[in-house]
Amino acid sequence: MEFKAQQIAELLGGTVEGNPEASVHTFAKIEEGTEGAISFYYDPKFEPYLYQTRSSVVLVPKTFQPAQPLQPTLIRVDEPRAAIGKLLQVYEQMTKPRRTGIDPLASIAPTAKLGKDVYVAPFAVIEDGVEVGDGTQIFSHVTIGAGAKVGADCILYPNVTIYHSCIVGNRCVLHAGAVIGADGFGFTPDANGYNKIPQIGIAVIEDDVEIGANSCIDRAMMGQTIIRHGVKIDNLVQVGHNTEIGANTVLCGQVGVAGSTKVGEWCTMTGQVGIAGHLTVADRTIAAAQAGIAGSIRKPGQTIMGYPAFDAKVCSRAYIVFKHLPEMATQLRELQKDMDALKSEKQTE
């Protein structure tokens, strides 16, 4: 399918600069542009590619001023990344229509309740008392445990497991292998080993949450583990029992959040951040990669890094010193020798 530059501009609320009849039929990164492709430019470090790209149309910020002549037609928009995201959503909706129908090889308990236009693929298992909302798609080898609830317009990709009694809201996307409601990590030691503490709570996923492949949200020991609305969780993320992740927070790959921790709204935990248990992390906290949060973060809006994590600017300055510690230690030893020599000379006078 093809679209004209003018059609795209009208969809995005942008303005065309160049040929409004320029047509596109695919997407490409600006450095890999080909004829018939649409690309986007938002970061000045990619500006050289803008003058070399063969893409037919490029989305650029409204304020952008080219330093040299351009070949592609430009569409000026407020925010090119958001605009290309909107186009990709439209493209996906047109090329990947929602599936419907119940495959005869699916196992669905007689007491389960499925809404309208639900799709259930072969070998999916839906147990007693499960409720599934309208338009939800359940792919092969998904298991939804007894009494669990899944809202409308969700997508559960292959091998997702939702344990008994857990709740998933509307418009959620759970990628392959995600596990909702496995037991929290609760044991008490005695002389013979470890005794398991039963995990009798549930996990609750609110609306518009996306959870990446092989990520795990543990059920609560008592009460609820809660992922608030709009949260985005990457692959291989672990959220411990009784934790609460605030609305619109982002957890990137391999983040680990220990139990009974409360993470605020609009936070960003980048790759491999670790958060200890029973802590509070303030709203809009940004943690740099591999930060270790060992104590509560009380002040909202901080950027932190290091272990234990603290203010990123201070940590950066400290790290510069840290890199020179071996040389500084050598210098200190030499100064100590000089001081000892001066003391010895003074004592012999």
Participant: Quick one, L12 with L87, criterion side chain to side chain contact (heavy atoms under 4.5 Å, CB included). Give me CA distance, side-chain angles, the key distance, then yes/no.
Facilitator: CA-CA 8 Å; L12 299 175; L87 288 180; 4.0 Å; yes
Participant: Any chance you could measure E35, atom CD, to S56, atom OG, to the nearest 0.5 Å?
Facilitator: 5.5 Å
Participant: Check whether any side-chain N or O of T243 sits under 3.5 Å from a backbone N or O of V239 as a donor-acceptor pair, and report yes or no.
Facilitator: no
Participant: Can you give me the closest heavy-atom contact between A5 and V16, atom names plus distance?
Facilitator: O-CG2, 3.9 Å
Participant: What is the minimum heavy-atom distance between S215 and V237, and which atoms define it?
Facilitator: OG-N, 2.9 Å
Participant: Under 6.0 Å from the CD atom of Q71, do we count more than 12 heavy atoms belonging to anything else shown?
Facilitator: no
Participant: Taking the side chain from S316 and the backbone from A312, do they hold a donor-acceptor pair closer than 3.5 Å?
Facilitator: yes
Participant: State, to 0.1 Å, how close C166 and I180 come at their nearest heavy-atom pair, and which atoms those are.
Facilitator: SG-O, 4.1 Å
Participant: From Q224 CD over to S165 OG, what is the distance, rounded to the nearest 0.5 angstrom?
Facilitator: 11.5 Å
Participant: Side chains of T53 and P72: closer than 4.5 Å at any heavy-atom pair?
Facilitator: yes
Participant: Going hydrophobic residue to hydrophobic residue with side-chain gaps under 4.5 angstrom, can you get from V58 over to L11?
Facilitator: no
Participant: Using a strict 4.0 Å threshold on nitrogen-to-oxygen distance, state whether R228 and E244 make a salt bridge.
Facilitator: yes
Participant: With no hydrogens and no angle check, do the side chains of Q199 and H241 hold a donor and an acceptor under 3.5 Å apart?
Facilitator: yes
Participant: Could you walk me through whether T111 and D128 satisfy the side-chain hydrogen bond (donor to acceptor under 3.5 Å, both in side chains) test, starting with their C-alpha distance in whole Å, then the side-chain angles of each, then the deciding distance to 0.1 Å, before giving a yes or no?
Facilitator: CA-CA 5 Å; T111 56; D128 286 325; 3.1 Å; yes
Participant: Any chance you could lay out the salt bridge (Lys or Arg N to Asp or Glu O under 4.0 Å) test for D208 and R171, step after step, and finish with the verdict?
Facilitator: CA-CA 5 Å; D208 300 302; R171 300 175 301 280; 2.7 Å; yes
Participant: Looking at E265, is its backbone amide N or carbonyl O close enough to the side chain of D283 to form a donor-acceptor pair, meaning the two atoms are under 3.5 Å apart?
Facilitator: yes
Participant: What I want to check is whether the side chains of Q238 and D218 have a donor and an acceptor closer together than 3.5 Å.
Facilitator: yes
Participant: I'd like to know if the side chain of T249 and the backbone of G264 have a donor-acceptor N/O pair within less than 3.5 Å.
Facilitator: yes
Participant: Would you say Y194 has more than 12 foreign heavy atoms packed within less than 6.0 Å of its OH?
Facilitator: no
Participant: Are the aromatic rings of F139 and Y119 close, with centres under 6.0 Å apart?
Facilitator: yes
Participant: Restricting to non-hydrogen atoms, name the atom on A148 and the atom on Y163 that form the minimum distance, rounded to 0.1 Å.
Facilitator: CB-O, 3.8 Å
Participant: From D338 CG over to K343 NZ, what is the distance, rounded to the nearest 0.5 angstrom?
Facilitator: 12.0 Å
Participant: Indicate if V60 and L88 have the same hydrophobic cluster label, given that clusters are the connected sets of ILVMFWY residues with side-chain heavy-atom separations under 4.5 angstrom.
Facilitator: no
Participant: Return yes when atom OH of Y51 has more than 12 non-hydrogen atoms of other residues, nucleotides or ligands closer than 6.0 Å, and no otherwise.
Facilitator: yes
Participant: Should I233 and I227 be marked as a side chain to side chain contact (heavy atoms under 4.5 Å, CB included) after you check the CA-CA gap, both sets of side-chain angles, and the distance that decides it?
Facilitator: CA-CA 10 Å; I233 296 178; I227 309 299; 4.2 Å; yes
Participant: Can you check whether D153's main-chain N or O pairs, donor with acceptor, with N170's side chain at less than 3.5 Å?
Facilitator: no
Participant: Less than 4.0 Å between a side-chain N and a carboxylate O, is that true for D134 and K116?
Facilitator: no
Participant: Of the non-hydrogen atoms in R219 and D183, which two are nearest, and what is the gap between them?
Facilitator: CD-OD1, 3.5 Å
Participant: Any donor and acceptor pair, going by atom type alone, linking the side chain of S23 with main-chain N or O of E2 inside 3.5 Å?
Facilitator: no
Participant: Looking at K232, I'd like to know if its NZ atom is crowded, meaning that more than 12 non-hydrogen atoms belonging to other residues, nucleotides or ligands lie closer than 6.0 Å.
Facilitator: yes
Participant: Checking the side chain of S107 only, and the main-chain atoms of V125 only, is there a donor and an acceptor separated by less than 3.5 Å?
Facilitator: no
Participant: Determine whether D190 and N195 satisfy the following criterion, side-chain hydrogen bond (donor to acceptor under 3.5 Å, both in side chains), listing intermediate values before the conclusion.
Facilitator: CA-CA 7 Å; D190 64 17; N195 295 313; 2.8 Å; yes
Participant: Of all heavy-atom pairs between V118 and G115, which one has the smallest distance, and what is that distance?
Facilitator: CG2-O, 3.4 Å
Participant: Whether the side chain of Q137 engages the backbone of R99 through a donor-acceptor N/O pair (distance < 3.5 Å, no angle test) should be reported.
Facilitator: yes
Participant: Out of curiosity, does V173 fall in the hydrophobic cluster containing V160 (side-chain heavy atoms, cut-off under 4.5 Å, transitive links)?
Facilitator: no
Participant: Closer than 3.5 angstrom, by distance alone: can the side chain of T261 be matched with the main-chain N or O of H278 as a donor-acceptor pair?
Facilitator: yes
Participant: Can you tell me how far the CD atom of Q6 sits from the CG atom of N19, to the nearest 0.5 Å?
Facilitator: 10.5 Å
Participant: Is the CD atom of E31 crowded by more than 12 outside heavy atoms at less than 6.0 Å?
Facilitator: yes
Participant: With rounding to the nearest 0.5 Å, note down the distance linking CZ in R284 to NZ in K299.
Facilitator: 15.0 Å
Participant: So how far is it from C172 SG to I167 CD1, rounded to the nearest 0.5 Å?
Facilitator: 11.5 Å
Participant: If you draw a 6.0 Å radius around OH in Y49, do more than 12 non-hydrogen atoms from other residues or ligands fall strictly inside?
Facilitator: no
Participant: When you group the ILVMFWY residues by side-chain heavy-atom contacts below 4.5 Å and let the links chain together, are I162 and V130 in the same group?
Facilitator: yes
Participant: List the steps and the verdict of side chain to side chain contact (heavy atoms under 4.5 Å, CB included) for D103 and V120.
Facilitator: CA-CA 6 Å; D103 192 279; V120 184; over 6 Å; no
Participant: Is the shortest heavy-atom distance from the side chain of V250 to the side chain of C252 under 4.5 Å?
Facilitator: yes
Participant: Are I108 and I102 close enough that some pair of their side-chain heavy atoms sits under 4.5 Å apart?
Facilitator: yes
Participant: Are V24 and I30 grouped together when hydrophobic residues (ILVMFWY) are joined by side-chain heavy atoms under 4.5 angstrom apart?
Facilitator: no
Participant: Taking the side chain as everything from C-beta on, heavy atoms only, tell me whether T161 gets closer than 4.5 Å to V142.
Facilitator: no
Participant: Between I38 and L59, is there a side-chain heavy-atom distance shorter than 4.5 Å?
Facilitator: yes
Participant: Show, in sequence, the C-alpha distance, side-chain angles and deciding distance for N214 and H175, and conclude whether the side chain to side chain contact (heavy atoms under 4.5 Å, CB included) test is met.
Facilitator: CA-CA 8 Å; N214 294 320; H175 288 277; over 6 Å; no
Participant: Checking side-chain contact (heavy atoms from CB on, under 4.5 Å) against L114, which of I126, V150, T136 comes through?
Facilitator: I126
Participant: Any heavy-atom pair between the side chains of L342 and D340 that's under 4.5 Å?
Facilitator: no
Participant: Above 12 or not: heavy atoms from other molecules or residues under 6.0 Å from NZ of K196?
Facilitator: yes
Participant: Before accepting this row, confirm whether a basic side-chain N of the pair E334/K337 lies closer than 4.0 Å to the acidic partner's carboxylate O.
Facilitator: no
Participant: Quick one, F27 and I84 - any side-chain contact, counting heavy atoms below 4.5 Å?
Facilitator: yes
Participant: Do I75 and V57 have side chains that approach each other closer than 4.5 Å (heavy atoms only, starting at C-beta)?
Facilitator: yes
Participant: Is the distance from the ring center of Y42 to that of F40 below 6.0 Å?
Facilitator: yes
Participant: May I ask you to decide if A287's main-chain N or O and T270's side chain share a donor-acceptor pair within less than 3.5 Å?
Facilitator: yes
Participant: Could you tell me whether E17 and R76 have a side-chain N and a carboxylate O separated by less than 4.0 Å?
Facilitator: yes
